[in-house]
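Just so it is clear: chains get the letters A, B, ... in the order the sequence lines come, proteins before strands, and each one is counted from 1.
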Amino acid sequence: MAPKKGPSNDRDVDVEDRFQAVVLTDSFETRFMPLTADKPRCLLPLANTPLIEYTLEFLANAGVNEVYLTCSSHASQIDEYIENSKWNLPWSPFKVTTILSPEARSVGDVMRDLDNRGIITGDFIMVSGDVVTNIDISKMIEFHRKMHAQDKDHIATMCLSEATEYYKTRTFEPAAFILDKNTNRCIYYQDLPLISSQEKGAVQIDPELLDSVDEFSIRNDLIDCRIDICTPHVPPIFQDNFDYQSLRTDFVRGVISSDILGKNIYAYITNDYATRVESWQSYDTISKDFIGRWCYPLVLENNMQYDQTYSYESRHIYKENNVVLAQSCKIGKCTAIGSGTRIGEGTKIENSIIGRNCRISEGITIKDSFIWDNSVIGDNSTIDHSIVATGAKLGSNVTLRDGCIIGFDVVIDNGMDIPIGSKISSKPVKSLGSSTFDLEEEDEDEEVNTLSTELVGQNGVGYLYDSDASDDEEESYGIHTISNRLAHQLEELYMSDASISSITKRKKKKRTMSSNSMYTDREDVDSDEDDEEDFEAEGIATIERALENNHDIDTALLELNTLRMSMNVTYHEVRTVTVIALVKRVYHFISTQTLGPKDAVHKVFNQWGDLFKRQAFEPSEFVDLMNIIMDAVVDENFEKPDLILFGAFTSLYDNDILEEDVIYTWWDNVSQDPRYDGVKVLIAKWVEWLRTADEESSDEDDDSEED
Amino acid sequence: MMQLQAFIFCGKGVNLSPLSNPNIDPAVNDQELNNITEFGPERLARLPKALLPIAGKPMVEYVIDWCDQADFSEINIVASWDEIDFIKAGLKSFLQLRTQQYDLIAKTLLSSSHAHQLRKPKKINFVSSKSAFTSEVLQTELLDKIHGDFVILPCDFITDMPPQIFLDQYQNRDDDNIAMTIYYKNSLENLVDKKQSHKKQDPNQVFTLYSENNHSAKQPVLLDIYTTEEVTKSKYLKVRDHLLWKYPNTSISKKLINSFIYFCSYELVQLLKQEEETAAGPMNNSTTNLGSMSDSGAVSDASSSKVKGGNGNGNSLNGKAANGGLAQNNTSLIQPSYLRKPNQLIKDNINTRNSISKLFRDLSRRSWQHSIERETVSIFILPEESMFIRSNDLNSYMDATRFILKIKANSSNLPTSSTMSSTIGADSIVDSTVTLQAKNSIKLSSINAACTIGSKCRISGSILLNNVQVEDECTLENVIIGPNAKIGKKSKLTSCYVEGNYVIDLKSTFKNETLMRAYEDEEFGEYGSDAIYNSSSDDDDSDDDSSSEEYYDDEEFEDDGLFER
């Protein structure tokens with residue numbers, strides 16, 4: 001790295017001319033669990049180099065002056081890493097600053113934090129901390145400027161890399177970009193279910209968005225590498241729309257479909273190598289691409305870190321200095337070996353990446369695998385297509401089958417056979433919701449799994465990490481967990497004719513008899529209480545009728561009241577059925593895409609919230625109501641339950657159904673059950689906001705009284 | 001040389017009302033239909049669409065001329081039973097001229113060394129159809145007549161693209177292309193002041209989904225078609241995930257217009273053959289085989305022997321295994337046939353109670369809906385430099401006329417001629433039988449046979465069909481006047497359409513109006529119910545229209561399970 005400008009010089013650069021970059025080190029996903037419980041994703045090694053290095057290298061080539069790393073989970077580790085890295089040296093091409101926002105729960109939060117700090121002064125690059133790319137950013141900047149000159153409403157340029165139909169990483173996070181054929185303006189964006197998913201839908205484009213375009217293309221062959229050039233208008237947009245969470249589904253979609261904003265986002269399409277390490281599969285693919293020199297000039301023997309000493313040999317073999325190879329060991333093609341590693345007699349290694357200071361004994365077969373630093377592997381073990389993380393110890397005669405992930409410092413006893421796709425960590429890790437994972441929180445949970453001795457053996461240390469453990473999430477995140485395995489998977493387009501029709505049939509049935517299905521659902525829960533259950537079915541049907549036919553509230557209430565008296569149930573039950581019906585209605589709106597989540601909640605709760613006025617009278621009953629709503633929202637498995645709950649509560653609050661005091665009482669006594677953690681995120685902020693607003697106003701009152 | 005059968009579908013021309021559709025006139029139904037043979041189409045108040053003249057020449061004649069360039073094996077004119085006789089009568093003189101021309105050329109060429117290039121004009125068959133939908137016409141009435149690859153043409157197109165280009169494109173199709181559709185972009189947009197320009201949204205707008213297949217060697221394929229109506233009904237333009245996985249780079253255009261030209265392979269015939277027919281046994285097949293053999297004559301014999309010699313029996317056996325007894329047919333028709341892989345035809349339930357354009361839409365959908373690959377429908381988009389226009393509504397009818405008039409103006413160096421002190425622009429065509437009084441000015445207009453025009457008339461950008469009487473001092477601007485109409489003295493018409501036999505009073509002024517006789521209102525419904533081409537809406541389906549008109553029935557489209565409501 002040529003010593004261009006010291007950090008001190010940077011301050012002299014005109015504020016307007018500074019080229020800034022924001023690196024989102026946290027993707028707020030749990031794809032790399034259990035390893036990310038110990039280390040942030042961006043510090044996981046890819047080809048023996050921490051992921052963040054690839055991003056920073058890319059930014060250095062892009063001629064960036066200032067880099068801001070936003071960190072939330074494991075922020076201190078990242079901070080420490082950067083402090084000791086070459087990027088913090090006086091001759092680093094840019095100034096690195098870490099922004100710690102441990103509170104952040106989504107990319108949206110990070111952006112809002114960024115806006116609050118007022119760091120951004122001009123156009124900036126926003127990249128995620130896991131990008132591996134060799135794109136020529138100058139072309140993209142040129143495109144960005146050109147589009148900016150043509151269209152003053154242009155606020156961001158996304159970099160999308162064209163993949164062939166059969167390239168693997170395309171299928172990890174499928175999304176359809178609808179682009180104007182002439183200008184590459186992004187008209188619409190929609191996530192797609194995975195190729196193997198049985199859930200088949202359609203990309204639905206509002207024709208209004210298409211008014212101004214004659215020809216456009218729907219691209220499902222683009223890899224979204226999350227390199228965006230943004231104008232300074234972007235962070236304030238997150239501020240204004242504080243329900244924006246993710247960068248694509250919320251922000252991009254929100255901006256381009258909003259008439260009010262009237263802003264445009266363009267796509268820059270490149271053929272260069274650009275992709276993100278976002279799941280075990282892409283980790284695998286990208287490592288191999290990297291070793292196979294697909295992202296030249298970004299190759300291993302560039303020795304990105306100052307102490308690396310890789311040299312390249314034919315057949316894509318990379319070796320550092322001080323590698324000790326036994327005479328009879330065989331190093332096959334596409335292999336990298338870090339310094340200080342010793343490889344014993346008769347060991348065969350192929351298509352694998354071995355870290356530093358590993359002790360690989362005799363007669364071992366390692367194929368398609370990733371062995372990180374300082375691991376020890378005993379004699380005659382077989383490792384197939386697995387990851388062995390830093391410091392792990394495998395005894396002799398261990399077999400790792402396809403797709404195993406052995407976490408940091410796990411110890412596996414001699415002779416164990418680890419089945420396909422096992423993920424083992426040395427500390428018990430509970431899989432949390434998608435939004436976040438924090439070590440502190442886990443400790444609180446105190447839900448200690450027992451050592452998986454059947455897996456790691458008597459002398460082993462390790463806990464099985466089961467990402468599918470929490471059933472609640474499985475349905476909504478099911479599509480992701482399927483793909484989130486290292487194991488080879490033949491993900492074929494799932495489209496047998498018979499199954500398609502059967503699925504649709506099922507769905508149709510569900511829709512037409514929603515009250516019945518409700519009935520059956522409930523049956524499992526409380527099959528004994530026949531009366532109550534009948535009331536539930538009847539009551540829900542009543543309210544659903546009212547919603548469907550737009551009855552007035554009084555009629556609905558009258559019907560409900562009659563029902564309540566004839567079946568002799570309490571108001572609690574009445575509230576429950578009302579809430580369930582309303583939430584179902586919201587779900588219906590969202591699932592049919594008639595309304596966005598926010599609008600749907602507001603519409604339903606603003607219109608029908610008054611029902612509760614005659615169903616709850618005491619503050620305690622209102623608290624009960626809030627709990628019921630929270631339950632119902634959680635049960636309905638929304639994509640964004642927190643948003644729904646938040647919308648419901650604000651609607652009720654705005655319509656004076658919920659009093660502040662009730663909300664505070666409820667919040668103070670709210671259940672700490674982790675299954676509610678997901679939905680409470682926004683509520684926490686809201687309550688806080690309410691309180692401060694309250695205080696302020698009361699302060700003002702006090703002031704005025706004093707006057 | 002592959003020879004295709006051509007089928008010219010003559011539609012009703014619903015969007016050309018009040019000019020088209022003679023049967024709407026009760027007078028025609030009552031008297032003339034009975035003794036149609038004596039009835040000259042000149043006297044009709046409305047003409048069958050195919051006979052509407054573009055610059056003095058019935059539009060279908062342009063199509064026949066185009067076909068004559070192409071060397072199709074035969075030309076079939078398909079029209080509904082109640083119009084076919086009009087069309088036959090209307091084309092009588094043209095067909096006579098056609099043979100006369102041939103005779104003349106034959107005579108001169110006979111002595112020269114180019115005699116072998118002489119091509120006898122192909123036989124023109126008139127096919128009368130009784131079905132209500134064009135697909136049905138194809139399936140129930142035409143399939144038996146088809147012996148090989150064939151092409152479906154509309155009766156209303158004019159193009160400067162020679163058929164050879166289409167044929168080459170068709171011959172270069174991929175193995176899995178069962179048919180080739182042709183789309184064009186409206187090239188005449190700036191030729192005439194468009195009425196549509198100030199319309200907010202063109203209701204006929206269609207979303208055409210196709211894949212250019214950029215990353216593969218395959219030809220572009222048509223994937224789906226949605227009308228604006230369908231989109232507004234479902235509130236969204238829905239593109240299935242299935243489609244996106246199969247064709248990840250799908251283009252959608254709002255500009256493309258269906259030409260209603262379909263080049264189809266014989267496989268389509270096999271696909272559409274109704275079950276009972278195939279079940280009816282080898283008798284049927286063998287007869288068609290025989291027919292085709294005799295039809296393509298010596299050429300096919302030569303080719304099939306070549307195939308056998310070059311490739312041995314193995315291949316022909318394969319072909320037979322895959323395609324049944326009909327494989328032989330293919331070998332006789334496609335050259336070099338051993339390079340082609342026959343498709344495994346899977347008979348899905350294909351709805352044929354529909355227009356042909358929908359049939360092809362369904363065929364194109366079929367290519368991505370199923371887990372087992374089906375045949376695809378390729379799409380050929382005409383280059384923007386080319387000219388292609390279909391006169392399927394009044395606007396484009398006007399455009400087409402003006403296009404021909406402009407060609408005439410450019411090609412003939414004749415200056416603006418003045419006869420009897422009338423000025424006739426070089427860009428106008430006035431039939432020789434027209435009676436013109438003094439001091440008229442005629443610009444960019446087509447005036448057909450037996451019209452009488454008074455003095456001091458100004459006619460610009462207009463079409464006057466047969467036997468129109470224009471009295472003195474009229475101003476006609478951008479109007480189309482049907483046959484036998486009468487326009488009173490000192491009338492002023494701007495952008496109007498006048499039905500045949502209509503009489504306009506003295507000193508009338510009309511602007512942007514469609515003038516029709518009163519029967520229209522009462523009779524239309526009745527006509528709809530008793531005619532075979534059922535309601536007026538289904539008429540659309542009758543032929544001419546395709547993309548540019550409405551699509552109905554979503555029901556059929558939702559039914560396939562994949563598309564839930």
Grab the two heavy atoms, one from Phe216(A) and one from Leu237(B), that are nearest each other, plus how far apart they are.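 Shortest heavy-atom contact: CZ-CD2, 4.0 Å.
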Looking at every non-hydrogen atom in both residues, tell me the closest pair between Asp214(A) and Lys255(B) and how far apart they are.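 It is OD2-CE, 3.2 Å.
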Beyond-backbone contact of [X] with [Y], side-chain heavy atoms, under 4.5 angstrom:
X: Pro207(A); Y: Val231(B); value: yes
X: Tyr247(B); Y: Ile218(A); value: no
X: Glu215(A); Y: Lys185(B); value: yes

To the nearest 0.5 Å, what is the distance between CG on Leu244(B) and CD on Gln190(A)?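 Output value for this atom pair is 9.0 Å.
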Determine yes or no for a side-chain-to-main-chain donor-acceptor pair under 3.5 angstrom, with Lys254(B) supplying the side chain and Val213(A) the backbone.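 Yes; judged by distance alone, with no hydrogens or angles, the pair exists.
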Is it true that a side-chain atom of Asn249(B) and a backbone atom of Arg219(A) form a donor plus acceptor pair closer than 3.5 Å?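 Here the side-chain-to-backbone pair does not exist.
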Not counting sequence neighbours, which residues clear side-chain contact (heavy atoms from CB on, under 4.5 Å) with Cys159(A)? List them please.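 Expected list: Ile135(A), Met140(A), Cys225(A), Ile227(A), Tyr268(A), Thr270(A).
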Does Phe143(A) have more than 12 heavy atoms from other residues, nucleotides or ligands lying within 6.0 Å of its CZ?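 Correct, the count exceeds 12.
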Considering only heavy atoms, which portion of Leu210(A) lies under 4.5 Å from any heavy atom of chain B: side chain, backbone, both, or neither?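 Both backbone and side chain.
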Contacts of type side-chain hydrogen bond (donor to acceptor under 3.5 Å, both in side chains), residue Tyr210(B), not counting sequence neighbours: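 If we apply the side-chain hydrogen bond (donor to acceptor under 3.5 Å, both in side chains) test to Tyr210(B), skipping adjacent residues, the hits are Lys181(A).
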Select, from Ile178(A), Leu179(A), Ile205(A), Asp206(A), the one with the greatest count of heavy-atom pairs under 4.5 Å involving chain B.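 Top count of heavy-atom pairs under 4.5 Å with chain B: Ile205(A).
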